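Please read the structure below before turning to the comments.
Note that the structure is a prediction, hence the values are computed from the model and not measured. In what follows, chains are A, B, ... by sequence order, proteins preceding strands, each numbered from 1.
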Amino acid sequence: MTSFLRKSGMFILDLVEIYIPSVSFTIMFLSFIVQIFTRYVLNNPLVWTYELTIFGFIWTALLGALYTKRKASHVKFTLLYDIYGPKTQIWVRIIGNGLILIAFIIGFLPALDYVLFMGFKRSTILNIPYNIAFFPFVIFMADMIGRLAVDVWKDVRILIKYKVAEA
Amino acid sequence: MNPALIVFLLGFIAIFLLRLPIAPGMLMTSIFYLVVAPGAGADISMFAEKVLTNLEAKYIIIAVPLFVFMAQVMNSGKITDMIFRFANVLVGRRKGGLGHVNVVASIIFSGMTGSAVADASGLGMMEIKAMKEHGYEEDFSCAVTAASATIGPVFPPSIPMIFYAMLSGASIGNLFLGGMVPGLLIGAALMLYIAWIANKRGYPRGEKLILRDMIAISIKAFPALFSVVVLLGGIYTGIVTPTEAGALASLYAIIVAAFVYRALGPKDLWISIRDTVKTTGSLSLIVGCAFTFSFIVAREHIPQMAAGFLLSVTSSKALLLLMINIVFLILGMFIDTSAITVVFIPMVLPLVQALDINLVHFGVVVVLNMMIGLSTPPFGMLLFIVSGISGAPLKGIIKEIFPMLLVMIVVLILVTYIPDIVLFLPRLIGH
C-alpha cells in the first residue's frame, strides 16, 4: 500500500513537473510553426495560435520552474555559502528555505484569490478563462511549499544527527 | 528609511548571504515587502499579478525557450560536429590552427544560439579533446574555449539581449545588429592573441586537406550552416519576427539533425525538450519575479536615488560609463547574467537616459561586459564548465585566461567609447 502510494505520488509529481510543461512547450512550439506557415505560406494569419503560444509559455515557465527546483538548478549566489563551515551551511539552508517557505505560505491564499478572480477575463479567440491560463502559478506555489517543507525537515534531521555525533 | 524598504533591502541581502535561489528569493523579498508596505497599491496579491501579467504581456520573452531548444537540438545532433569540421577547413592550416578553429566555430555557433553556456558545453568538449590530441596544453585549450564562448550572446541571436530589450524597450532587431561587429571584434582579437602565442610556443599547424576533402566537408556542413541564414536572414529580411525565427530555426535544426545527419532520434528529442523545460523554468521565473522586484524598486524610487548618487559623484558621461562597466564587470564575476540583467539594469536605466546614451549602444556594452565576467576568475561560470568537461584544474585555466581577458577588455573599452562600432550596422540597415 505504501509502495503504491509512493509510486502514485511520484507519478503525479512527474506529471506536474515534467510531462505537462513538456507538452505545453511542444504545443507552444507547434503553434509557432502553424502561425508562421499560415501567415507566410498560406497568407492567412491565424490569431488563436498567438493565444496558445502565450498560454503554453506561461505553463512551461511556471511548471518548468518546479522541474528546475527538483534538479536543484535554480540560479544561486554560492560564493559566501561555500566558505561557511559544514554546520553553518546546514543552519543557512534551514533559515533560507524556512524564510522562503514562510513567505510562500503567506502569499499562497492571496495568489489563489488573484488567479481565481481572473476567471472573469477570457482570451479573445479561444475563450480560455485566465484563471486556467494562470493556474500553474497556484500549483507552483503549492509544490514549492511542499518541497521547501521537505528540505527544511531533512536539514533539521541532519542538524540533529550532527549535534548527536558532536556530543 | 521606511520599514518596508528596510525589509526589502534585508531580503535582498539574504538572497546573497543565505544562498537563496534567486527567483524564489526575489518572490520572498517581494511578499515580505508587500506585507509591511503601507498604503494603496501594495496588496499582497500584487506579487502574483506582476509575475503573471508580465509573463503574459512581454511576448518577446517567448523567444528564450525557443533559442534554448535550438541549442539543445544542435548539441544533441551532429550539427556542432559539422561546424567544427567546417571551421577546420577555413582556418585549421594556420599555425596554432585548432585555437583559431575554436574561435571561428564559436562565431558560427553564436549565429545559431544565444547562449555562452550552450557554446562551452556543446562545442567545448569536442574542441578541448581535439586540441589536447594535437599537443596543445589542456589549460590553454580550456581557456580558449571559455573565452571564445563569450562571443555567443554578443553575436546575434542573444538571450541576454532579449532580456535587455524587454526591460529597456530598445529594439531587439537593432540590438542583434549592434552586437555583430563587437562579436566579430572579440573573435579577431582572440585570434590575434592565439597567433602570437602559437608562434611563441610552437603550436602545430592543422593537417593539410586536399581541395576535394575541403569541398566534401563544406558540402556536408552546408545544411548545418544554413541554420544561420534561416535565423538571421529570416529576422533581417523582415520575413519573420525574432521570436518566430527562433521557432523556425529550431524546426530546421530538428529536420537537419534527424533526417540529414541522422543523429537525432525520438529519445534525443525528448531529452532536448525536457532540458529546455528545465532551463526555461529557471530563466523565465527569474524574469517573472524580477517584474515584482522592479515594481518595488520603482515604487521606492531606488533608480532615481542611484542615478542621483552617481551624478553627484560626476556628470561626465565617459567616467560614468567607466564606473558602470567596472560595476557590471565585478557583478558578472559573481552573479548569473540573467539575474544581473533583470535586477541591476532597471536601476541604471534612468541614469543612461539622463545622460542621453543610446539604449542599443548601452545594451551591447552591458552584454559584452557581462559575458567577459562569465570567463573572469574566480567565479566565472564558463571556467567551471570547461574545467568540468575537461577535468583540468581551475588554477591552470585561470592563469591561461588572464591575457585573453585583457584582450577582451580592450575590445570592451573600444566598444564603450566608440559607439559607432555598435551603431554603424543598425544605421546602415536603416533600422
Side-chain angles (χ1 to χ4, degrees), chain A residues 18 21-22 24-26 28-29 32-33 35-36 39-40 50 53-55 57-58 60-69 71 73-82 89 92-93 95-97 99-100 102-104 106-107 110-115 117-118 130 133-134 137 140-141 144 148, chain B residues 11 14-25 27-32 34-35 43-49 51-52 55-56 59 61-62 65-66 69 239-240 243-244 246-248 250-251 270 273-274 276-288 334-336 338-339 378-379:
Chain A
I18 304 174
S22 299
S24 306
F25 173 77
T26 309
M28 183 190 105
F29 175 62
F32 259 116
I33 301 301
Q35 186 171 302
I36 296 166
R39 180 184 299 168
Y40 301 107
Y50 175 80
T53 53
I54 289 177
F55 295 151
F57 169 69
I58 293 173
T60 308
L62 293 171
L63 299 180
L66 295 173
Y67 185 47
T68 318
K69 164 74 181 156
K71 291 283 176 187
S73 296
H74 276 295
V75 177
K76 290 172 187 158
F77 176 80
T78 57
L79 175 60
L80 294 172
Y81 177 85
D82 291 341
Q89 284 187 342
V92 162
R93 289 201 302 268
I95 297 168
N97 285 330
L99 281 171
I100 303 179
I102 293 167
F104 275 38
I106 294 171
L112 179 67
D113 278 348
Y114 172 73
V115 169
F117 164 74
M118 288 306 288
Y130 270 63
F134 288 170
F137 193 73
F140 167 76
M141 296 281 291
M144 283 294 283
L148 287 163
Chain B
I15 291 175
F16 297 98
L17 212 59
L18 302 176
R19 197 201 59 157
L20 302 184
I22 288 181
L27 270 188
M28 173 204 81
T29 306
S30 307
I31 292 170
F32 285 145
L34 291 167
V35 169
D43 186 78
I44 299 178
S45 65
M46 194 146 273
F47 79 95
E49 183 193 330
V51 172
L52 290 166
L55 282 182
E56 186 219 347
Y59 193 66
I61 195 197
I62 302 182
L66 296 170
F69 182 51
I239 294 174
V240 286
T243 318
E244 288 172 342
L248 202 59
S250 298
L251 179 70
W270 163 241
I273 291 175
R274 210 182 53 191
T276 302
V277 163
K278 190 178 80 181
T279 312
T280 304
S282 171
L283 291 176
S284 308
L285 192 68
I286 289 180
V287 174
F334 301 107
I335 308 173
D336 182 77
S338 51
F379 298 103

Separation between CD1 of Ile33(A) and OG1 of Thr53(A), rounded to the nearest 0.5 Å: 11.5 Å
Residue Leu148(A) versus chain B: region with a heavy atom under 4.5 Å: neither
Greatest number of heavy atom pairs closer than 4.5 Å to chain A - which of Thr29(B), Ile44(B), Leu20(B): Leu20(B)
Per-residue contact mode, Gln35(A) against chain B (heavy atom under 4.5 angstrom): side chain
Shortest non-hydrogen contact from Ser22(A) toward Thr26(A): O-OG1, 2.7 Å
Contacting region of Leu17(B) [heavy-atom separation from chain A under 4.5 Å]: both
Minimum heavy-atom distance between Leu55(B) and Ile61(B), given as atom pair plus value: CD2-CD1, 4.3 Å
Portion of Phe16(B) that has a non-hydrogen atom of chain A nearer than 4.5 angstrom: both
Contact origin within Ser24(A) toward chain B - heavy atom pairs under 4.5 Å: neither
Chain B contact via Phe140(A) - which portion, at a heavy-atom distance below 4.5 Å: side chain
Minimal non-hydrogen separation, Glu244(B) against Ile36(A), with atom names: O-CD1, 3.4 Å
Met118(A) versus chain B, the contacting section by heavy-atom distance below 4.5 Å: neither
Structural part of Ser250(B) lying under 4.5 Å from a heavy atom of chain A: both
Smallest separation among heavy atoms of Phe104(A) and Met28(B), with atom names: CE1-N, 4.5 Å
Heavy-atom contact with chain A under 4.5 Å, split by part of Leu285(B): side chain
Max heavy-atom pair count under 4.5 Å with chain A, selected residue of Leu283(B), Thr279(B), Thr243(B): Thr243(B)
Partner chain B: residue of Ile100(A), Asp113(A), Leu80(A) with the largest heavy-atom pair count (under 4.5 Å): Ile100(A)
Winner by heavy-atom pair count (cut-off under 4.5 Å) against chain A, out of Ala14(B), Ser284(B), Gly11(B), Pro21(B): Pro21(B)
Contacts of Lys278(B) that satisfy salt bridge (charged side-chain N to carboxylate O under 4.0 Å, His left out) - sequence neighbours left out: none
Interface moiety of Leu18(B) toward chain A, non-hydrogen atoms closer than 4.5 Å: both
Region of Val287(B) in contact with chain A, defined by heavy-atom distances below 4.5 Å: neither
Closest-packed option against chain B by number of heavy-atom pairs under 4.5 Å, given His74(A), Arg93(A), Lys69(A): His74(A)
Ring centers of Phe25(A), Phe57(A) separated by less than 6.0 Å: no
CD1-OG1 distance between Ile62(B) and Thr280(B), expressed to the nearest 0.5 angstrom: 11.0 Å
Closest heavy-atom pair and its distance - Pro65(B), Thr276(B): O-CG2, 3.5 Å
Residue list, ring pair (Phe, Tyr, Trp, His ring centres under 6.0 Å) with Tyr40(A), at least two apart or on another chain: none
Closest heavy-atom pair and its distance - Phe137(A), Val51(B): CE1-CG1, 4.0 Å
Region of Leu99(A) that comes under 4.5 Å of a non-hydrogen atom in chain B: both
